[in-house]
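The structure under discussion appears below in the form of structure tokens.
All values below come from the heavy atoms of this structure, side chains included, with hydrogens, waters and symmetry mates left out. Residue numbering restarts at 1 for every chain, and letters A, B, ... go by the order of the sequence lines.
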2 protein chains.
Amino acid sequence: MRPELAASRVSDPGISARRSASWTIAHAAETGDEPPGSQSVQRTLVLLNLVGVLARDRPEGVSLAELTRVSERPKASVRRALIALMHAGYVEQDSKTARYRLGVQAAVLGELASHGADRLGEASTDSLIRLADAAGDTAFLTVRHGSYAVCARRQEGPGPIRNFALAVGDRHPLGIGAGSLAILSALPDEEVEQVIAATAAARQRYPRFDDETMRRLVRRSRKNGYALNDGLVIPGSWAIGVVVPDADDRPVAALSIASIAERLRGARRDELVELLQREAHNVHSALQALQAHRRKA
Amino acid sequence: MRPELAASRVSDPGISARRSASWTIAHAAETGDEPPGSQSVQRTLVLLNLVGVLARDRPEGVSLAELTRVSERPKASVRRALIALMHAGYVEQDSKTARYRLGVQAAVLGELASHGADRLGEASTDSLIRLADAAGDTAFLTVRHGSYAVCARRQEGPGPIRNFALAVGDRHPLGIGAGSLAILSALPDEEVEQVIAATAAARQRYPRFDDETMRRLVRRSRKNGYALNDGLVIPGSWAIGVVVPDADDRPVAALSIASIAERLRGARRDELVELLQREAHNVHSALQALQAHRRKA
DNA sequence: CTTGGTGGTCCATGATGTGGACCGATTGTC
DNA sequence: GACAATCGGTCCACATCATGGACCACCAAG
């Protein structure tokens, strides 16, 4: 934002800006922060996410008032952004209740995303269903985005216990949550430290995750070969997760199963871990196949 | 960015430039000219669509050069918008090829849209599959957005003929195409005329669709009870479509089947129309059920 | 070496987004 | 009924922000 005049006339070959993370979640985090690209757009996109997440279990939509409250922006600005989003079809407004919810383009974009680029969704669908069925609990696909992990998919299992600690669209710093931790643990030490530094501010909201705890969790996950969330985020809510490397073997996603402590112990845990690893391998293979196809195209 | 707002005492009627401009770019001409909401955001959202559509059958992504060309905007602006989109996770850039494609958030948004508000997607999945299977041709879900119709879903059938005239994300003025025409024909006369007026400019690109033709097509569709696209858009590409009313009986979507002339004649056409009407009814019922559930929530 | 194609960045300029104040409807409550 | 406290929505002076032409580095082909 500030015109850092100290412009580098000098050429700096090689490294292209290796910036990551910053992301202005609801609380307009203090994540150090780097060049946003374009401010008004940034804020509008955050708002779009917000509409999606807040309207998730509320089919009638979200009120303007609520959006202004949680986004912590002036009402006029929120309204203006919503108009733009509606005009483009990403958000629609109920003509009767005046509430806002995701629009046609949001669905279209999703369709394009799963058929197109991010084949992860397509590749993981079957795996998630198998996992949820076999485990009886809820299975998740988590995807990395910078120093954060986003829950991209959720599949309910037939079991009696439902875990609602994580839902589609939720975003936590890498390392918070089973899938998220599985991804973090698969990164090289150097990057792990970068992530820990980058998310320090954001982790204020997760009091039990200080820097040292993060490192301990990473060590444990590497030793075990899977990530365990033993209720540190929300007491009683447990989960296990394993990484899904992409075609270039970079850890970009994770599969996980969430439940309660009693259902993730001993032999059963071992079984589920094996299941997860098998499915992770399946997804990985699918991604590789796609990559190969992509090259010759 | 602290906006210190002081007193605004001075009143001086400074003429604010009333820029007309309806730059919504890229094929997708604008619906006449409404309040833009917010220009930079508008343009960025169009670009997001563009990335999705152009990368649709190109998993490796789209180049910056191509995006600047088709969007008809300065490269710097496109780049800036892309940075914002990447920053928010809606677009990602291949680290090797530097090409752009849809990112994680695009998929997440889709997930939220289909599970959340627009249950249309969810409600129509089975119907589309049944249609494509039974007909052997390609089945589509088209959704209305203002004076336009957007292809929201596409389901391939097992048949030998593939029709590629319509793909997810494509947008045409209401009345152009079978599903699109089905929606238009279900509107009251007054609205039909409004749409015809609003899309006059955009229809320049469809030379065979002058105002009078539009009215003729609407009349024919109403008489028949279904919309027929007999190759007026793309010679040889035929299709039939029927409306899907929402819970309040407003025509918001359409189901359609595309093929070639030979496969949409005589008795077969009647069969398919009946099939379509049955499935349209199914979807309609599903929407009503959801609406009921929504009310008591 | 030149030419034309990429991807990417810079920075003076003013068009553009900003947000506090304000309006009109609906609530709920004494 | 009056009142307060919401709600959704709009206005418009002000200055922050997006704008886009010019420019750089790189690569491949001629």
- Message: What contact category does A/S77 fall into here, base, sugar-phosphate, or nothing, at under 4.0 angstrom with non-hydrogen atoms?
- Response: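 The residue A/S77 makes base contact.
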- Taking the side chain from A/E92 and the backbone from A/R101, do they hold a donor-acceptor pair closer than 3.5 Å?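 Absent.
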- Message: Keeping B/R79 on the side-chain end and B/L64 on the backbone end, is there a donor-acceptor pair under 3.5 Å?
- Response: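 No: the side chain of B/R79 does not pair with the backbone of B/L64.
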Output the rounded distance in Å from [atom1] ([X]) to [atom2] ([N]).
X: A/L67; N: C/dG19; atom1: CG; atom2: C1'; answer: 17 Å
X: B/Q39; N: C/dT18; atom1: CD; atom2: P; answer: 12 Å
X: B/K96; N: C/dT6; atom1: NZ; atom2: C1'; answer: 19 Å
X: A/H87; N: C/dG17; atom1: NE2; atom2: P; answer: 13 Å

Close side-chain approach of [X] to [Y], heavy-atom, < 4.5 Å:
X: A/Y90; Y: A/V51; result: no
X: A/L174; Y: A/T199; result: no
X: A/L102; Y: A/L48; result: yes

Collect all protein-nucleotide pairs involving nucleotides 6-12 of chain D in which both atoms are nitrogen or oxygen and the distance is under 3.5 Å.
| residue | atom | partner | partner atom | Å |
| --- | --- | --- | --- | --- |
| D/dC7 | OP1 | A/R69 | NH2 | 3.0 |
| D/dG8 | OP1 | A/L64 | N | 3.0 |
| D/dG8 | OP2 | A/A65 | N | 2.8 |
| D/dG8 | N7 | A/K75 | NZ | 3.4 |
| D/dG8 | O6 | A/K75 | NZ | 3.4 |
| D/dG9 | OP1 | A/Q93 | NE2 | 2.8 |
| D/dG9 | OP2 | A/Q93 | NE2 | 3.2 |
| D/dG9 | OP2 | A/Y100 | OH | 2.5 |
| D/dG9 | N7 | A/K75 | NZ | 3.4 |
| D/dG9 | O6 | A/K75 | NZ | 2.4 |
| D/dT10 | OP2 | A/R79 | NE | 2.9 |
| D/dT10 | OP2 | A/R79 | NH2 | 2.8 |

- Query: Run the salt bridge (charged side-chain N to carboxylate O under 4.0 Å, His left out) check on B/D246 and B/R144 step by step: do they pass?
  - Reply: CA-CA 11 Å; B/D246 70 358; B/R144 176 183 181 188; over 6 Å; no
- Message: For a quick test of reading the model: is some side-chain N or O of A/S38 closer than 4.0 Å to OP1 or OP2 of D/dC17?
- Response: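 It does not, given that no N or O in the side chain of A/S38 lies less than 4.0 Å from OP1 or OP2 of D/dC17.
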